[in-house]
Colleague: 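Got a structure for you, written out below as structure tokens; questions coming shortly.
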2 protein chains.
Amino acid sequence: MQDQSIKTVATDCTCLNLRKASRVVTQLFDQVLQPSGVLANQFALLAALSLAESVSITRLAQELVMDRTTLTRNLKPLERDGLICIEPGQDQRVRVVSLTEKGQAALVKALPLWKQAQTKVTEELGQDRWQALLSNLSDTVSLLREI
Amino acid sequence: MQDQSIKTVATDCTCLNLRKASRVVTQLFDQVLQPSGVLANQFALLAALSLAESVSITRLAQELVMDRTTLTRNLKPLERDGLICIEPGQDQRVRVVSLTEKGQAALVKALPLWKQAQTKVTEELGQDRWQALLSNLSDTVSLLREI
DNA sequence: TTCAAATAAGTGCATATACACTTGAAATCA
DNA sequence: TGATTTCAAGTGTATATGCACTTATTTGAA
């Protein structure tokens, strides 16, 4: 009798559908960004750091809607490759993250590739559907992040 | 001068927005499913297996739009906990996955919690926006999975 | 019929994700 | 001022993700 319900899991589960789409789109972005040497997630980190200039790990994690400990580990490869710099802040508890020259350069190099990936998505979905998707994703994050 | 572009990464990046939403929603589902003892991703695997009855790893991976090797590893904890059974098929290359009694029971136990999580999402987004989101996610997967 | 191509799956490696717990520093309060 | 609370960050552990490479089996063709 729960057979009906189980079918709706496959078709209607918000989490499953989000994760599927996330996998597909991440693979596309990773592939297109390949020549730049950064992955999709790393590119987003670099972009966020470029805007924030200099920011604590906790604050950056909040902006990216990412667990703080996840961010700590995501920063590791970027630090190892010299794209970012992590220094103690005035408050000795805080560690401040910022882009290095090399990181800034990697971001600039990756930017046209990112636009390419974005264009692929908008071409496939069409502008209207893409706008709607983005808007709904953004709303989802806003509405669910604090419950 | 790429400063404008970089701002649009933070707001418009399809990949970033998808991953953010995926994180938020996965955390919600994991939390609500907690009493059932399965995570959101594991729940989706159990549901898919319940529908497929008995299926090869490659085929199940295709259905879930998941890399085959990712699925292999995702099945590990479920097999360890006795929720699924993996046996060689007639074709000796193939390994056939199926739900155990225990897995079926876990799925049934988790189902009302899943509905609870779904309801939370639809209540926050509202029916129309939720329907649109789901539809757009589904289209995104269909349109981008083979390019 | 034998050998090459194709197919199914696993492993090594690296990144991504987050919870529980710990450590160390700052702020607050008795 | 000294003790407690709060806060920022790191670590241990476990799951999730996918690419490159390998192994084993099947299929197909010379």
Side-chain angles (χ1 to χ4, degrees), chain A residues 15-16 18-34 37-46 55-62 64-81 83-84 86-97 145, chain B residues 15-16 18-34 37-46 55-62 64-81 83-84 86-97 145:
Chain A
C15 190
L16 176 56
L18 264 171
R19 291 176 72 93
K20 273 189 197 173
S22 187
R23 287 194 287 265
V24 167
V25 170
T26 299
Q27 271 182 82
L28 169 64
F29 275 68
D30 279 348
Q31 187 187 321
V32 175
L33 284 172
Q34 178 129 8
V38 294
L39 298 169
N41 184 55
Q42 297 174 338
F43 173 78
L45 296 189
L46 294 182
V55 64
S56 77
I57 290 181
T58 296
R59 182 153 159 61
L60 185 57
Q62 282 165 351
L64 293 165
V65 195
M66 183 180 283
D67 188 89
R68 183 187 50 76
T69 68
T70 299
L71 178 59
T72 294
R73 279 158 166 129
N74 288 355
L75 292 177
K76 281 274 160 64
L78 296 176
E79 189 183 23
R80 180 200 60 206
D81 296 344
L83 303 182
I84 64 169
I86 308 182
E87 292 164 312
Q90 294 187 323
D91 184 332
Q92 293 293 307
R93 293 171 299 182
V94 174
R95 306 240 290 154
V96 176
V97 191
R145 71 177 303 169
Chain B
C15 190
L16 176 56
L18 263 171
R19 292 176 71 93
K20 272 189 199 174
S22 186
R23 286 193 286 266
V24 168
V25 170
T26 298
Q27 270 181 81
L28 169 64
F29 274 69
D30 279 349
Q31 188 187 321
V32 175
L33 284 172
Q34 178 129 8
V38 295
L39 298 169
N41 184 55
Q42 298 174 336
F43 173 78
L45 297 189
L46 294 183
V55 63
S56 77
I57 291 180
T58 296
R59 181 152 161 59
L60 184 58
Q62 283 166 351
L64 294 165
V65 196
M66 184 181 282
D67 188 88
R68 182 186 53 75
T69 68
T70 300
L71 179 58
T72 294
R73 279 158 167 128
N74 287 355
L75 292 177
K76 281 275 161 63
L78 296 176
E79 189 183 23
R80 179 201 60 206
D81 296 345
L83 304 183
I84 63 169
I86 307 182
E87 293 164 311
Q90 291 187 325
D91 184 332
Q92 291 294 307
R93 293 171 301 182
V94 174
R95 306 239 290 155
V96 176
V97 190
R145 70 177 302 170

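Chain naming here is simple, since letters A, B, ... match the order of the sequence lines and numbering starts at 1 in each.
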Colleague: Specify the residue among A:T69 and A:L39 whose closest nucleotide of DNA chain C lies further upstream toward the 5′ end.
Modeller: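 Checking each residue's closest nucleotide, the 5'-ward one belongs to A:L39.
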Colleague: For a quick test of reading the model: is some side-chain N or O of B:Q90 closer than 4.0 Å to OP1 or OP2 of D:dT26?
Modeller: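 Answer no for this pair, as no side-chain N or O of B:Q90 is under 4.0 Å from OP1 or OP2.
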Colleague: Quick one: is A:R80 getting a side-chain N or O under 4.0 Å of the C:dT15 phosphate, OP1 or OP2?
Modeller: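 Yes, such a contact exists.
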Colleague: Check this one for me: any side-chain N or O of B:Q27 less than 4.0 Å away from OP1 or OP2 of C:dA18?
Modeller: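 Yes, B:Q27 has a side-chain N/O under 4.0 Å of OP1/OP2 on C:dA18.
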Colleague: It should be established whether A:Q92 places a side-chain nitrogen or oxygen under 4.0 Å from OP1 or OP2 of nucleotide D:dA8.
Modeller: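 So the side-chain polar atoms of A:Q92 never come under 4.0 Å of the phosphate oxygens OP1 or OP2 of D:dA8.
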Colleague: Does a side-chain N or O of B:T70 approach OP1 or OP2 of D:dA16 to a distance below 4.0 Å, or not?
Modeller: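 No.
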Colleague: Between A:N74 and C:dT15, is there a contact of a side-chain N or O with OP1 or OP2 at under 4.0 Å?
Modeller: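 A:N74 to C:dT15 OP1/OP2: no side-chain N or O under 4.0 Å.
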Colleague: May I ask you to verify if any side-chain N or O of B:N41 is less than 4.0 angstrom from the OP1 or OP2 atom of D:dT15?
Modeller: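 It does not, given that no N or O in the side chain of B:N41 lies less than 4.0 Å from OP1 or OP2 of D:dT15.
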Colleague: From C-beta outward on B:M66, which listed nucleotide comes closest to its side chain: D:dG18, D:dA24, D:dT6?
Modeller: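 Of D:dG18, D:dA24, D:dT6, D:dG18 is nearest to the side chain of B:M66.
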Colleague: Phosphate oxygens OP1/OP2 of C:dA18: is one of them under 4.0 Å from a side-chain N or O of B:Q31?
Modeller: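 Result: no.
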Colleague: Using only modelled atom types and a 3.5 angstrom limit, is any donor from either the side chain of A:R73 or the base of D:dG12 paired with an acceptor on the other?
Modeller: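 Answer is yes: a donor-acceptor pair is held.
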Colleague: Think A:T72 has a side-chain N or O under 4.0 angstrom from the OP1 or OP2 of D:dG10?
Modeller: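 So the side-chain polar atoms of A:T72 do come within 4.0 Å of the phosphate oxygens OP1 or OP2 of D:dG10, strictly under.
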Colleague: Between C1' on C:dT17 and CG on A:L64, what's the gap in Å once rounded to a whole number?
Modeller: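 After rounding, the reported distance stands at 13 Å.
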Colleague: Between D:dT17 and B:R68, is there an OP1 or OP2 to side-chain N/O distance shorter than 4.0 Å?
Modeller: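 Negative; the distance criterion is not met.
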Colleague: Just to confirm, is there a sub-4.0 Å distance from OP1 or OP2 of C:dT17 to any side-chain nitrogen or oxygen of B:R19?
Modeller: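 Yes, B:R19 has a side-chain N/O under 4.0 Å of OP1/OP2 on C:dT17.
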Colleague: Tell me the interatomic distance from A:I86, atom CD1, to D:dA9, atom C1', rounded to whole angstroms.
Modeller: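 Computing the A:I86:CD1 to D:dA9:C1' distance gives 11 Å.
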Colleague: Using a cut-off of strictly less than 4.0 Å, decide whether A:T58 has a side-chain nitrogen or oxygen near OP1 or OP2 of D:dA9.
Modeller: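 Result: yes.
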